[in-house]
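Below, each value reflects all heavy atoms present in this structure, side chains not excepted, and no hydrogens, waters or symmetry copies. Each chain gets a letter, A, B and so on, in the order its sequence line appears, and its residues count up from 1. Computed from a prediction, not measured in an experiment: that's the story for all the values here.
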Amino acid sequence: MLRYAVQRLLLAVPVTLGVLLIGFILLNLVPSDPATVRAGPSASAEVIAQIRTEMGLDRPLWEQFLRYVGNVLSGDLGTSLVNNMPVTEELSRAFGATLELVVLCLLWALPSAILLGMFAASRRGTLWDRLIMGGSVAGVSLPVFLIGMTLLWVFGYKLQVLPFTGRGGPLWTVDGLRHAILPSVCLGLIFIGPVARMTRTSMLETLKADHVRTARAKGLSERVVIFRHGLRNALIPVTTLVGLQIGYLLGGAIVTETIFSWPGVGRLAVGAIVANDIPVAQGAIIALSLGFIAMNLIVDLLYAALDPRVQAK
Amino acid sequence: MNDDTNTAVPNARPVLDVRDFSVDLTAGKTISPIVDKVSFEVHEGRTLGIVGESGCGKSMLSLGIMKLVPSPPARIAGGQVLLDGTDLVPYSNGQMQEIRGNRISMIFQEPMTSLNPVYTVGYQIIEALRAHSSMTSAQARSRAIDLLRQVGISNPEKRVDEYPHRLSGGMRQRIVIAIALACNPRVLIADEPTTALDVTIQAQILDLMRSLKSESGTAIILISHDLGVIAEMADDVVVMYAGRIIEQAPVHSLFAAPSHPYTQGLLASIPTVDGDQERLQPIPGTVPPPHDRPDGCAFNPRCRFSDAKCRTERPPLEEKISGHKVACWHTDLGAQP
Ligand SMILES: Nc1ncnc2c1ncn2[C@@H]1O[C@H](COP(=O)(O)OP(=O)(O)O)[C@@H](O)[C@H]1O
Ligand SMILES: [Mg+2]
C-alpha cells in the first residue's frame with residue numbers, strides 16, 4: 001500500500017509541471033499587458049516600459065517561464081496587479097473556502113447518492129426506482145448555473161429561508177453553516193445523479209455475483225450479505241466514477257462560487273481573469289489543478305484500499 | 001464403484017428426505033416446472049449422486065434445498081425437504097440462515113468466482129464460523145487455519161491471510177470446501193465441484209471429498225453431468241432429465257443394469273478406460289427448455305424406443321427391481337442395451 005502511494009505521488013510531479021506550463025501559456029495568449037495593468041490607467045509610456053523591465057516581461061518567454069517555475073517552487077506566486085497583495089495570501093484564504101464547499105458537498109452528496117442508488121436497486125422496476133433514476137438524469141443534464149439560479153431564487157429570494165451571498169463564519173457556527181447550505185447543495189446536485197446511477201447498476205450486478213451466493217449459503221444475514229458482500233464490492237466502480245467526476249466537481253465549484261459569491265478559488269480565478277490580474281489568475285489555476293491532482297490521488301488510494309487486486313498489479 | 005459400502009441402511013431415518021419437491025420458473029406469462037416432484041433420501045455417511053445433462057435442473061434442485069433459488073424468476077412450488085425429520089420448506093429466511101452453512105452446506109461449480117475478491121480467505125472462513133458459533137476471533141482464526149490444513153492447503157498459517165486472486169482454481173475450491181465444512185454440516189451439497197477444474201486437480205478434489213466423508217459422516221449430495229465421477233463417488237444415484245427423476249438406484253445396480261434409454265445414452269458417452277473413442281456415442285439432440293417440454297415422456301423426441309404412448313402419457317417412476325426405480329414405458333426393451 002505504501003509503495004503504491006509513493007508511486008502515485010511521484011506520478012503527480014510531471015503532471016504538476018505540465019499544469020504550470022499550460023497555465024503559463026494560456027495566460028500569455030491573453031491580449032493584455034500586465035505592466036499596463038499594474039501601472040494604472042494614467043501612467044506614461046516611460047513608466048510602463050520601466051515596469052515591464054522590472055517585471056522581466058522584456059525577456060524571452062522560455063526565460064520568463066523558468067523564472068516563474070523557480071518562483072513557484074520557492075513558494076512565491078508574485079503579487080496581485082490590482083491590489084499588490086501577495087498572491088499566496090489571497091489564495092490561502094480562498095483555498096480554505098473552496099475546500100469547505102467541496103468537503104461539505106461530498107459529505108452530504110456521496111452518502112445520499114449511494115443510499116439512493118442502493119434504494120433504487122432494492123426497489124428495481126418500481127415507481128421509486130424510476131423516480132430516482134429519472135431525477136438523476138435530470139441532475140446530469142441540467143447546467144450548474146441553472147440549478148444554482150433556481151436554488152437561489154426559490155430558497156434565497158422567494159422563501160427567504162437561507163442566505164445566498166458570501167460566506168458566514170466558520171462552518172461550525174450556525175451562520176457559517178446556513179451560508180454554506182445553498183452552494184453545497186447546488187454543487188452536490190450535479191454530482192449525485194451519476195453516482196446514484198452507478199451505485200444502482202453496480203449493486204445489481206454485484207448481487208448477482210457467485211460470491212454473494214456463497215455468502216448467502218454460509219448463512220449470513222441478509223443485511224451482512226448486502227452491505228459486506230454487496231455494497232463493499234459495488235463501491236469499487238463507484239470510486240472510479242467519483243475519480244472521473246472530480247473535474248466536473250471543480251468546474252461546478254467555479255460556477256457555484258460565482259453564483260453564490262462564495263469567496264473561493266474559483267471565484268478568485270474568474271475575478272482575476274476579468275480584471276486581467278494575471279499573477280492571481282495563474283495562482284488560482286495552479287491551486288485548482290493541485291486540488292484536482294490531490295483529489296485524484298486520494299481516490300486512487302481509496303480504490304486500492306477497496307480492491308486488493310489493484311495493488312498486486 | 002463402492003459396492004462394499006452399499007450395505008443397505010436398515011430403516012434408519014435419512015438425514016435429508018426430499019419429497020415431491022418442485023421448483024417453478026416464471027418467464028413472461030408462462031410458469032413452467034424446472035424441478036418436478038423430485039423425491040430422494042440421503043443417509044448419514046453416504047453419497048447420493050445426481051446426474052443429468054446441463055439444463056436438467058440439478059442446480060435449481062440444490063439451490064432449492066437451501067431455499068436459495070433466484071426469486072424471481074424461480075420459486076419453490078411444493079413438496080418437503082425434511083432435515084432430520086423437520087421440514088425446511090415453510091421456514092422463513094431468518095430460520096434458513098441458521099441452517100445454511102451450519103447444517104447444510106454447499107460447494108459450487110465456479111471456484112474462480114465463488115469467493116469474494118476483496119476479503120482474505122481466512123476472513124471468509126472465519127465469517128462462516130462466527131455466523132454459527134460464539135467463537136472469539138482468535139479461536140475462529142486458529143480453527144480456520146486447521147480447516148485449511150484439513151483441506152490440504154500447505155502453509156496454512158500464511159495462506160490464511162492471502163486474497164483469493166493469488167490462488168489457483170483448485171486451491172480456491174479447497175477454500176470453498178473449507179468454508180462448507182467449517183461448522184461440521186449434516187449435509188454437504190456439491191454442485192459440479194470439479195467441472196471447472198482440470199483432470200489432475202479434479203482427482204485431488206474428489207479424493208479430498210472422499211476422505212472428508214469417511215472422517216465426518218456427513219451426508220453428501222454430489223451433482224455432476226459426468227457419470228464417471230458419479231461411479232467413483234456415489235452410493236446411490238438419481239438420474240434427472242428435464243426436471244424429473246427418470247431413474248434412481250444404488251450405484252452398482254444402476255451401472256450393472258441401466259434401464260432408462262437416457263441413462264444408457266449417458267453411459268455410452270463416457271470415455272472408456274482403454275480410450276476406445278469409437279464407442280463414444282453422445283445422445284443426439286438437447287435437453288428441451290423448461291417452457292417447451294414435450295407431452296408424455298420428456299425424453300421421447302430423443303429416444304429410439306419412442307412410440308405413441310411415450311408421446312402422450314408420462315411414465316411413472318416405478319420400482320422394477322428391488323431399490324431400482326425407472327420411469328419408462330419400455331424398460332423391458334431398455335434393459336437390453
Ligand atoms: N436464473 C435463471 N433464470 C431463468 N432460467 C433459469 C435460471 N437458472 C436456470 N434456469 C433454467 O432452469 C433450467 C434448469 O437449470 P439448472 O438447474 O441450472 O440446470 P443444471 O444445473 O442441471 O445444468 C434450465 O433450463 C435453465 O435454462
Ligand atoms: Mg448446474
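- Heavy atoms closer than 4.5 Å to chain A are found in the side chain of B:I179, but not in its backbone.
- Around OH of A:Y248, the count of heavy atoms belonging to other residues, nucleotides or ligands within 6.0 Å does not exceed 12.
- The greatest number of non-hydrogen atom pairs below 4.5 Å with chain A, out of B:Q109, B:M96, B:E110, is found for B:E110.
- Neither the backbone nor the side chain of B:E98 comes within contact range of chain A; no heavy atoms are under 4.5 Å apart.
- The residue among B:R100, B:M66, B:R130, B:Q124 with the most heavy atom pairs within less than 4.5 Å of chain A is B:R100.
- Residue-level contacts of residues 228-235 of chain A with chain B, in order of numbering, are A:R228, A:H229, A:R232, A:N233; threshold 4.5 Å between heavy atoms.
- Among the residues in residues 188-213 of chain A, those with a non-hydrogen atom closer than 4.5 angstrom to a non-hydrogen atom of chain B are A:D210, A:H211, A:R213.
- Between the CD atom of B:Q97 and the CD atom of A:E222 there is a distance of 7.0 Å, given to the nearest 0.5 Å.
- Between B:A131 and A:G219, the shortest heavy-atom distance links the atoms CB-O, 4.4 Å.
- Of all the heavy atoms in B:H132 and A:K218, the pair that sits closest is NE2-O, 2.7 Å.
- Residue pairs that meet the salt bridge (charged side-chain N to carboxylate O under 4.0 Å, His left out) test with at least one member in residues 132-143 of chain A, sequence neighbours left out, do not exist here.
- Contact annotation for B:S114: both backbone and side-chain heavy atoms come within less than 4.5 Å of a heavy atom of chain A.
- The minimum heavy-atom distance linking A:P308 with B:P117 is given by the pair CG-O, 3.3 Å.
- With respect to chain A, the highest number of heavy-atom pairs below 4.5 Å among B:G94, B:S105, B:G101 belongs to B:G101.
- Using a 4.5 Å cut-off between non-hydrogen atoms, no part of residues 100-113 of chain A approaches chain B.
- With a threshold of 4.5 angstrom between heavy atoms, B:L63 approaches chain A through side-chain atoms but not through N, CA, C or O.
- Contact annotation for A:I236: only side-chain heavy atoms (C-beta onward) come within less than 4.5 Å of a heavy atom of chain B.
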